[in-house]
Each structure stands twice: as structure tokens, then as C-alpha cells.
Amino acid sequence: MAMNLRLTDEEARALRAQAEAEDRSMQDVARAAVREYIARRDHTKLVSSALDELTPRYRNLLKRLGEA
């Protein structure tokens, strides 16, 4: 899928500099950044979901650990 990405001048300069430093295209660097962003968000959702499930189950233990 093609899309246009509009960057500020500062963002474009930073992206160009990073691409040159890594000897990669700006597109490759931008696509990698999108993948990393999505992976971090997915991880955050998983951790949040696990905490929602585990916190009630271990509430007393967590309280005792907090008081120790």
C-alpha cells in the first residue's frame, strides 16, 4: 500500500541523517520505526492485560510485599 507521509523540515532532516548514518534509505528507516512503534504498543497492551488479570488474583500478596 502506498501512502504519503508529510514531515516537518526538522523531522525530514533527522530521518535523512539517521538513514545516512545507517546506510539505509529513508523509507527503510521510517518503516522500521513504524514496526517498532507498533511492537511497543502491542507489548504494552499485553502487559496491561496481564496486570488486569493478575492484580486481583494476587492482591493480598502484593499488599503484604508493599508493607514489608
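For the pair R35 and I38, the minimum side-chain heavy-atom distance is 4.5 Å or more.
Between E11 and T8, the shortest heavy-atom distance links the atoms OE1-N, 2.8 Å. Residues V29 and E22 come closest through the heavy atom pair CG2-OE1, 3.9 Å.
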### Message
Apply side chain to side chain contact (heavy atoms under 4.5 Å, CB included) to residues K45 and D42 and explain how you reach the verdict.
### Response
CA-CA 5 Å; K45 286 183 209 173; D42 286 346; 4.2 Å; yes
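Counting non-hydrogen atoms of neighbouring residues, nucleotides and ligands closer than 6.0 angstrom, the CZ atom of R24 exceeds 12 such neighbours.
Between the side chain of T44 and the backbone N or O of R40 there is at least one donor-acceptor pair closer than 3.5 Å.
Rounded to the nearest 0.5 angstrom, M26 CE and L7 CG are separated by 6.5 Å. Here the CG atom belonging to L62 is positioned 9.0 Å from the CG atom belonging to L54, to the nearest 0.5 angstrom.
Placement of L65 and Y58 within a single hydrophobic cluster is found when ILVMFWY residues are connected by side-chain heavy-atom separations under 4.5 Å, directly or transitively.
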